[in-house]
2 protein chains.
Amino acid sequence: MDLSERQLQILQAIITDYVENAEPVGSRSIAKKYDLGVSPATIRNEMSDLEEMGYLTHPHTSAGRVPSDKAYRLYVNELMKKKNLSAKDKRMINERLVASRDEFDRTIRHAAELLSEITHLASFAMTPATNQETISFIRLLPVDERTLILMIVGDSGNVTNTTLRLNSPYTQESLDLLSKNMTVSYKGRTLDDVLKNEIAEDVGSDIEALSQLKGNVMPSFLRTLEDMLNVNLYMEGMTNIFNLPEYTSIDRARDFMELFARKDWFTQKMLARDNGVVVTIGEENAVMKDCTLITATYHVDGKLVGKIGVIGPTRMKYDEITSIMEYLTNNLSESFKLPGSSGDGNAGKDE
Amino acid sequence: MDLSERQLQILQAIITDYVENAEPVGSRSIAKKYDLGVSPATIRNEMSDLEEMGYLTHPHTSAGRVPSDKAYRLYVNELMKKKNLSAKDKRMINERLVASRDEFDRTIRHAAELLSEITHLASFAMTPATNQETISFIRLLPVDERTLILMIVGDSGNVTNTTLRLNSPYTQESLDLLSKNMTVSYKGRTLDDVLKNEIAEDVGSDIEALSQLKGNVMPSFLRTLEDMLNVNLYMEGMTNIFNLPEYTSIDRARDFMELFARKDWFTQKMLARDNGVVVTIGEENAVMKDCTLITATYHVDGKLVGKIGVIGPTRMKYDEITSIMEYLTNNLSESFKLPGSSGDGNAGKDE
DNA sequence: TGTTAGCACTCGTCAAGCGAGAGTGCTAAT
DNA sequence: ATTAGCACTCTCGCTTGACGAGTGCTAACA
């Protein structure tokens, strides 16, 4: 059963008012503030119907109405109009977001800070998931007779390296051989794949020196792969929620803060979300049943996908926040194109 | 004016009781629980004197007494007896603290987790400050015609490296030359020194190619030094404080949580503290005036110094917590000795 | 038939008042 | 110097009553 035009207007008014004031809104105040051309009594009747349909709830008999998750969902899907960023917010992002590929993590973290500053909510940002990245080549570089650098180059140009110190000296030949050896074995395979299957694989080799070197290198190799796979999560502005009336109860505040302590879990949940701007409201979301979570994705070289997000009470300015996040992720994606590339981010890439 | 034996006993009893129950303690309950052989009235008189001397305070006329910062200070300095770790805590540390030099940061973080789990308070751990570390040598390693690895080796064996991608190709000779060049310039100088003075120094060189390469490398070099200097701070168990009666007020809880958001500032404050086990109570400490902060130091190779710490209300079990921290830092220091070294951690080190 | 005015009713909040309980501080007796 | 006794103070929990906000229903109206 569809809602009438008037019901939609009333619902919209209630949502607007409640988002603003965080207090149950009554029929009279709607009639006064929003010019709907009907009396409070009529509004009351409509409200009663809306409540029956599940769009509104009632804290207690004589309180005003509060929008339900379902109402917000309707609002986000149908009623919400795209909002233009305020000049102030736009300027803030343009001036303060100094994105640089070289300092990837710092940029990401910065974006999260900015996001929480603008929205006055808690926010986070994650570096891209790299489990679909494939290995281009592996190289071992000599440092001194017992020290070497292990370098892994991924297909998106992602380069990671670690320094290893062995218990015994190695030879230059075995180093070169192992480099080739490993490159042949792993080239084109995804990090995920290698990490999961490599433990079982045999390390054996004909040449004694090589075999020994490989035995020394493999643990570091696997650990480095793991590091490459790790998604970094930065959470910012968690304490912002203390300013919101819904978090004056210690218990809710505590629950919220627990997110901080469960970063790994949270990261997993966020990785599982779809790309693009995604809004999950209240019960819809698996993280905090009484919060709304909005995530958006940015791209690196038009390929790898990272996420940023905002967490707050279901009562939030959906239109503004989604616009801000869209703008911000577009900016990030633009900054993270390969240098010199113009279009899809694949030009100028050759190994 | 010194305290009498009886006054000390009473003070001790009040502290013990208050630490346990978090409620103002009255004369009657002390007389009952602790066998001091005097009546409540006598205790009342003594309490009154103790209050006059500043060891106790009075929330209001008809409440019991609460120990002041000064009382805790006296307790920590004079009254407190070293406590043996409970077998349970000892076992927990021994079993769960898998310290490994290779995964330094993870170990440190783990230590913080453990500490907050045992003490049920908020805790933190910092990686060592490296500002006194000196540079041993610098090396540039070729990867492909535009990519190279910059490696900086410190005197304590600390190795850091970054991958650089240049806009234009470089030559092998200029690479070798620059490596030597930089090593000569920076060998023996502290990271701090180089970082502070290098921006001013002239990049100029006779050879054009070298000069250009150097211009490309220097920014990364400086940034990498900065990374080496950065102390990592891990905070754990912040939400533990929600279980304490002193943090049922949202405002205090918020103030506490703000620490999370001010990690840089916090790190600076912690670096400024003395080594060893340091207890600062309430007003004594510059971080949170109504908290107690206990820090302790661990050593790496008997040289670099990192810190772990506990933050909580002034009402805490000083004896237990200091013992735990001492035990934990000893364990860490032991684990972070150079492999193969026995005594001062300087054997087996040769470049 | 949809809309509205009127009114009784419900519920939460706030302030005031009261009694109980805990603890002190003083005084006088030991 | 210590202690028993007692008046006094203050908090806490409970109840009460007034007030305000808001609803839901009914009857009148266009």
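Note that the structure is predicted; figures quoted are calculated from it, not measured. Proteins get letters first, then strands, A, B, ... in listed order; numbering begins at 1 in each.
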Examine A/Phe124 together with A/Tyr234 and report whether their ring centres are nearer than 6.0 Å.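 No.
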Whole angstroms only, please: what is the [atom1]-[atom2] distance between [X] and [N]?
X       : N      : atom1 : atom2 : value
A/Glu5  : C/dG2  : CD    : P     : 18 Å
A/Arg6  : C/dG2  : CZ    : C1'   : 8 Å
A/Asn45 : D/dT26 : CG    : P     : 12 Å
A/Asn21 : D/dG22 : CG    : P     : 12 Å
A/Met47 : C/dT4  : CE    : P     : 15 Å
B/Ile10 : D/dT2  : CD1   : C1'   : 13 Å
B/Glu52 : C/dT24 : CD    : C1'   : 15 Å
B/Asp17 : C/dA22 : CG    : C1'   : 14 Å

So which of residues 63-70 of chain B are in contact with DNA chain C, with a heavy-atom cut-off of under 4.0 Å?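 Those residues are B/Ala63, B/Gly64, B/Arg65.
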Go along nucleotides 10-18 of chain C 5' to 3' and tag each nucleotide: B for a protein heavy atom under 4.0 Å from its base, S when only backbone or sugar atoms are that close, - otherwise. BBS------
In terms of the angle between their ring planes, are A/Tyr72 and A/Tyr318 parallel, tilted or perpendicular, with boundaries placed at 30° and 60°?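 Rings of A/Tyr72 and A/Tyr318: tilted, as their planes differ by 30° to 60°.
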On the 0 to 90° scale, with breaks at 30° and 60°, tag the B/Phe260-A/Phe260 ring pair as parallel, tilted or perpendicular.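 B/Phe260 vs A/Phe260 ring planes: parallel.
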Kindly point out which of C/dT4, C/dG25, D/dT3 is positioned nearest to the side chain of A/Ala41?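 Taking heavy atoms from C-beta onward, the closest nucleotide is C/dT4.
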Between D/dT2, D/dT23, C/dG25, which one does the side chain of B/Arg44 approach most closely?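 Comparing D/dT2, D/dT23, C/dG25 against the side chain of B/Arg44, the answer is C/dG25.
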Beyond-backbone contact of [X] with [Y], side-chain heavy atoms, under 4.5 angstrom:
X        : Y        : answer
B/Asn240 : B/Leu121 : no
B/Trp265 : B/Val287 : yes
A/Arg65  : A/Val25  : no

Ignoring hydrogens and angles, tell me if any N or O in the side chain of A/Arg315 forms a donor-acceptor pair with the backbone of A/Val19 under 3.5 Å.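 Pair found, side chain donor or acceptor close to backbone of A/Val19.
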Taking A/Arg273 as the fixed residue, which of A/Thr297, A/Thr295, A/Asn285 is the one that meets the side chain to side chain donor-acceptor pair (under 3.5 Å) rule?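 Per the side chain to side chain donor-acceptor pair (under 3.5 Å) rule, the option paired with A/Arg273 is A/Thr295, out of A/Thr297, A/Thr295, A/Asn285.
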Starting from the 5' end of DNA chain D, give me the residue, A/Pro24 or B/Glu46, whose nearest nucleotide shows up first.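 Taking each residue's closest nucleotide, the earlier one in sequence belongs to B/Glu46.
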Verify the contact: side-chain N or O of A/Arg28 to OP1 or OP2 of D/dG20, cut-off strictly under 4.0 Å; return yes or no. no
I need the B/Leu74 CG to B/Leu3 CG distance, nearest 0.5 Å. 6.0 Å
